[in-house]
Amino acid sequence: MLRYAIRRLLWAIPVLVGVTLVTFILLHIVPGDPALNMLGEHPDPQTVEKLRRQLGLDRPLPQQYWDFLSHAAVGDLGTSYYRKVPVTQLIAQRFPVTATIALSAMAVGAALGLSTGILAGVRHRTFWDTGSMAVALAFISAPIFWTALLAQLLLGFRWGILPISGWEGPIYVVMPALVLGTRYAASIARYTRSSLLEVIRQDYIRTARAKGLGERVIIYRHTLKNALIPVVTIMGLELGGLLTGSILTETIFGIPGLGLLTLDALTSRDMPLVQGTVVFTAFVFVISNLVVDLSYAWLNPRIRYA
Amino acid sequence: MKERAEHFWWDLARRLLRRPVAVVSLFFIAALVLVAIFASFLAPANPNQQELLSRLAPPGSPSDFTRTGTFILGSDQVGRDILSRILYGSRISLAVGLVAVSIELFLGTLMGALAGYFGGWVDTAIMRLADIMFAFPSLLFAIAVMYALGPSLFNVFVALGVTGWAGLARLVRGEVLRLKTQEFVEAAKAAGSTHGRLILKHILPNAVAPLIVAATLGIPGAIMGEAALSFLGLGVQPPTPSWGSMIYEARSYIRVAPWFSIWPGLAIMATVFAFNLLGDALRDILDPRLRQ
Amino acid sequence: MKRLPWLTFTVLTAALLMFTACGGGSPSGTGSETTTADQVLHDWLTTDPKTFDVQGDTTIAVYEMGRNLFSTLLRYKKGSLELEPELLAKMPEISPDGLTYSFELKDGIVASDGTTRLTAHDVLFTIKRMLDPGGNGASPWLFEPIKGAKDFMEGKAQDIPGVIVQDDTHFQIILEAPYAPFLQYLAVPAASIYIESLVTAAGENWATQPVGTGPFYLDSYAPDQKIVLKKNPHYFEAGLPKLDAVEIRIIPDEATGLLDFEKGTFDITSIPDTDFDRITASGKYTILKNDALNTYFFLLNMDNPQFADIRVRQAIAMAIDKEKIVQTLLGGRGSVAHAFVTPGIPGALPAGQGPALPYDPEKAKALVEEAGASGKTITIWQIGKAGDSASNTNLAIQEMLRGIGLELKVEIRDRSAYFEARAKGEIPGYQGNWWADFPDPDNYLWTFFHSSSSQRYSSNYQNPEVDALLEAALVSSDPKERARLYQQVEDIVVGEDVAVVPLYHLQQFRALQPNVKDVVMYQTGLVDYRWTYKESR
């Protein structure tokens with residue numbers, strides 16, 4: 001399994017290089033000059049040239065890419081055009097913020113989702129089943145900025161239980177975690193339910209039943225662990241895609257995380273920062289995928305890696 | 001082989017119609033399609049006509065220009081009829097859902113089939129590209145594409161369509177790998193079928209079940225994607241009515257004119273809900289592991 | 001065997017632990033609670049300034065930080081448009097030929113570190129740093145009129161002969177040619193004076209670790225999160241600032257920030273268009289208001305064939321019902337623009353007067369038909385944002401133009417793409433706005449309509465007569481003569497050629513919690529906190 005993990009990690013390298021190349025090409029197809037963006041209302045041509053030179057934008061494109069790649073290889077992702085701070089430092093500041101929210105949201109999601117999913121699965125075709133699945137689907141169907149707004153108005157403003165926005169202490173995690181978490185919970189609940197149903201029908205459960213084991217024992221001992229597999233998949237996918245998800249929530253809640261940083265970098269054409277955040281996110285994605293795959297083996301020993 | 005395909009569709013329809021949830025969602029989607037087609041007959045006004053003097057009017061307020069003489073669902077920030085805009089907006093949302101998913105399906109099937117069928121370096125190249133696309137943050141990719149091409153309905157199709165193919169390609173590749181060694185394919189090969197014919201006539205029709213599920217579940221994703229892009233100011237061009245852009249415009253008025261947010265929000269929710277229900281039902285029917 | 005409750009319990013505990021232990025991601029921890037003591041002003045911004053180096057950026061957020069952290073030679077008197085000395089001991093003396101300016105600095109000005117002294121050498125350093133061809137100065141135009149500045153900027157000279165340092169407090173500036181608005185330039189925040197030894201010591205970190213002579217110093221900066229300014233105990237104006245600290249949070253979403261203001265988290269807020277009526281009518285807050293120096297306009301790219309026919313341009317100008325836009329979309333928070341330069345600026349036309357064509361849709365329709373342009377599409381660009389007053393105005397104009405037979409197509413672009421195309425003169429037309437950098441008609445008219453500058457703003461207006469008038473006005477020192485020349489320019493550009501359609505002037509507002517006093521808001525859009533204090537509630 002260790003060899004498998006190492007091989008997967010090595011495999012990630014060309015993928016990451018590919019990601020940087022795609023980013024680089026995208027950034028240069030997209031119109032918009034960082035120097036002009038910096039100068040805003042006063043685009044005096046001489047100053048534009050000066051800034052372009054200073055940012056190294058006057059170099060030929062292949063050289064720009066090569067310079068980026070060769071520096072990145074030794075862990076130097078360059079310096080942000082606007083913030084004048086190394087990109088690695090910015091990512092190191094922002095990633096923990098985004099990860100905190102993602103993990104808390106996942107905790108909320110797992111707690112709510114697993115219990116609802118199990119309830120629905122066990123009480124298959126009852127009111128609990130349909131009712132909870134309808135609620136779950138409603139949560140998935142609602143645009144996230146809608147639920148966020150609702151939470152801000154009710155929990156934050158009307159009842160005043162939680163802060164509305166910002167990142168000033170632990171309590172500030174709760175609202176975004178709830179908003180994101182209910183969403184995760186909804187998908188986890190749906191998957192838990194269906195995988196539970198699937199597993200229940202399988203032969204070894206039937207055998208267990210035939211042996212006369214109690215219904216509870218069967219569910220808890222035999223089905224849950226297997227049913228967790230798709231749940232882990234969901235968690236891995238959502239964690240891997242945390243940047244995508246965090247763009248909207250961080251904008252709405254004013255959280256200084258990676259999503260906001262990336263969006264801002266992209267809008268202002270802060271090329272090194274876009275490159276850095278995108279490749280880092282891709283890296284997180286690759287890692288979390290690997291962790292998911294490895295945890296399959298733990299959850300279901302029948303899965304083996306060649 | 002043809003018989004087998006026909007049997008498949010009949011069987012699918014029969015099984016779907018036995019499920020009340022699926023019937024309800026199909027009914028809703030059919031109604032939505034009709035609304036989209038006949039929006040110009042149903043809408044009480046031109047969706048772009050404004051009356052600045054009666055902006056942000058609550059539901060039921062009198063109106064100068066709607067056929068009913070009132071803004072049934074209220075008016076928006078420049079005094080347009082919200083009901084008319086929602087009815088016309090169904091066109092955009094459905095189009096985004098269908099076209100974006102079609103692009104995804106096309107690219108995903110093509111890439112997956114090529115990779116699975118030919119194997120070797122074709123497989124490696126395509127699947128590495130898929131890995132890269134998979135690892136690339138998708139919303140960011142869509143945003144960058146919108147920046148590059150500029151906002152327009154067509155570009156929304158492209159931005160959402162080109163981001164999602166990687167997952168489908170993996171799915172199709174898996175199916176193709178499974179089918180390619182089966183007897184009937186080997187038989188057709190022995191009978192002298194060309195590669196294209198083999199893939200199109202013999203392999204893909206048998207891989208259609210998981211694709212239907214993925215596509216149905218992809219549609220709500222694309223509809224939400226349009227809303228998310230609109231939220232970032234990158235949706236369709238004004239004044240084109242789309243639910244996503246309506247929610248976005250309405251968001252800042254939530255405190256003064258809540259109805260402006262609620263209607264397009266409900267429209268999106270109901271549509272996404274219906275497609276999800278349908279997708280679930282299809283998966284229950286088609287997924288061989290769930291089949292009893 | 002009761003596994004289920006156990007599982008739920010662990011997951012819940014994990015969740016709770018995560019909630020309570022996550023403080024690690026937040027550098028400030030419980031900071032906000034301990035500083036809520038009196039005289040801390042809580043403010044918020046939608047965008048992080050990202051840099052505090054006023055030389056390297058031109059956005060209003062950075063300028064506002066600049067006013068807090070640094071000082072300029074001259075400034076506007078509290079809330080007015082009249083200049084007064086800031087770092088200077090008295091107003092500079094100008095030689096009769098209008099070329100030589102003699103300055104005297106206040107004696108004994110030290111930076112917020114309490115030790116570093118500001119001298120006339122630092123003025124020279126500041127000017128050189130802005131003009132340095134290898135530096136990051138983004139507003140070299142401020143010092144460009146100085147003798148020898150151009151050669152220095154092009155790297156042809158090592159020194160600027162136009163700046164003469166006489167001693168620690170005295171220096172002279174010699175201009176290349178007489179330049180009427182020069183003193184105004186010195187009050188622009190980008191012209192803040194830096195102290196050489198402090199800039200050198202900070203090195204690379206200057207943008208985020210600035211030290212200046214302003215009323216506050218930068219205590220901490222958590223990017224995209226919070227900026228904390230503390231009172232500068234060594235500030236050279238006795239008794240100022242009155243606040244102990246200013247905490248500025250960054251909240252990208254306007255609606256969210258406003259909600260937090262209403263909850264009482266913030267002491268001051270700008271008011272989004274959407275909620276203006278609700279906030280002002282609530283009676284809960286103090287409302288600050290002034291006639292800001294801005295003009296919102298509809299610009300027609302003169303090089304674009306869609307505007308080639310003067311009749312089409314006239315028709316557009318006459319089809320837009322500005323009064324209706326001001327009354328409905330702006331809720332009366334502005335005034336109809338009749339000229340391009342904002343009324344109130346010395347040399348501008350008085351409010352309500354100007355050469356802009358009057359609203360006349362009948363005539364506009366006739367003109368479009370006469371030009372054979374009925375049904376034609378006119379394309380403009382807009383920065384990617386919806387729901388604000390600019391995009392609502394575009395929607396309204398779209399309908400108004402449809403009424404005279406023109407289709408207006410609004411293409412949305414993001415900020416960077418928009419600025420790039422605009423600087424290349426390629427935007428086919430746009431609704432834009434101009435907030436005065438300094439109160440002089442030159443800042444508006446030269447910028448958009450002098451042939452040396454018009455391309456950068458996609459106006460592409462070329463008219464030797466207008467060029468000559470603008471050049472004459474620039475060197476004239478007679479205010480009446482200047483006003484006359486600028487009015488002539490307005491008549492030609494706005495009245496005859498219709499190169500631009502002035503739409504409206506937007507008033508500026510802030511809402512304050514009722515216990516916050518003496519916030520000063522300038523017509524240039526900047527807000528000054530040095531006199532601000534809080535009463536206990």
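Reminder, nothing fancy here: chain letters follow the sequence lines and each chain counts from 1. Since the structure is predicted, the reported quantities are computational estimates derived from the model, not experimental observations. The figures that follow rest on heavy atoms only: side chains count, while hydrogens, waters and symmetry mates do not.
In terms of non-hydrogen atom pairs under 4.5 Å with chain C, the most contact-rich of A:I164, A:T79, A:L90 is A:I164. In terms of heavy-atom pairs under 4.5 angstrom with chain A, the leader among C:G257, C:P140, C:S139, C:A207 is C:P140. Ranked by heavy-atom pairs under 4.5 Å with chain A, the first of C:T265, C:D437, C:D53 is C:D437.
How far OG1 of C:T256 is from CD of A:Q152: 4.0 Å, rounded to the nearest 0.5 Å. Interatomic distance, A:L260 CG to C:Q225 CD, rounded to the nearest 0.5 Å: 11.5 Å. Rounded to the nearest 0.5 Å, atoms CD (A:E168) and CD (C:E247) are 7.0 Å apart. Atom CD1 of A:I255 sits about 14.5 Å away from atom CD1 of C:I250, to the nearest 0.5 Å. Taking CZ of A:F157 as the reference point, atom CG of C:D260 lies at 9.5 Å (rounded to 0.5 Å). Atom-to-atom distance recorded for C:D224:CG and A:W167:CH2 is 13.5 Å, nearest 0.5 angstrom.
Within the 4.5 angstrom heavy-atom criterion, no atom of C:W44 approaches chain A. With a threshold of 4.5 angstrom between heavy atoms, C:L131 approaches chain A through N, CA, C or O but not through any side-chain atom. Using a 4.5 Å cut-off between heavy atoms, C:A138 contacts chain A through both its backbone and its side chain. Interface residue A:I252: backbone and side-chain heavy atoms are both found under 4.5 Å from chain C. Heavy atoms closer than 4.5 Å to chain A are found nowhere in C:W435, neither backbone nor side chain. For a residue to count as touching a neighbouring chain, one of its non-hydrogen atoms must lie under 4.5 Å from one of that chain's; by this rule A:T47 touches chain C with the side chain only. Within the 4.5 angstrom heavy-atom criterion, only backbone atoms of C:D132 (N, CA, C, O) approach chain A. With a threshold of 4.5 angstrom between heavy atoms, C:E262 approaches chain A through its backbone and through its side chain. In this structure, chain A has heavy atoms under 4.5 Å from both the backbone and the side chain of C:L259. The contact between A:R83 and chain C is made by backbone and side chain atoms together, counting heavy-atom distances below 4.5 Å.
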* To do: Tell me, with the steps shown, if C:K50 and A:D264 meet salt bridge (Lys or Arg N to Asp or Glu O under 4.0 Å).
  => CA-CA 11 Å; C:K50 291 177 203 154; A:D264 179 66; 3.0 Å; yes
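Across A:R269 and C:A417, no two heavy atoms sit closer than the pair NH2-N, 3.8 Å. In terms of heavy atoms, C:A423 sits closest to A:L36 at CB-CD2, 3.4 Å. The nearest pair of heavy atoms linking A:P256 to C:P223 is CB-O, 3.6 Å. Across every non-hydrogen atom of A:K50 and C:G137, the tightest pair is NZ-O, 3.3 Å.
Looking only at side-chain heavy atoms (C-beta outward), C:R249 and A:S165 come within less than 4.5 Å of each other. Contact check for C:N136 versus A:Q54: side-chain heavy atoms found under the 4.5 Å cut-off.
Judged by distance alone, with hydrogens and angles left aside, the side-chain atoms of C:K263 form a donor-acceptor pair with the main-chain N or O of A:G156 at under 3.5 Å.
The environment of C:E204 atom CD is sparse: at most 12 non-hydrogen atoms of other residues, nucleotides or ligands sit within 6.0 angstrom.
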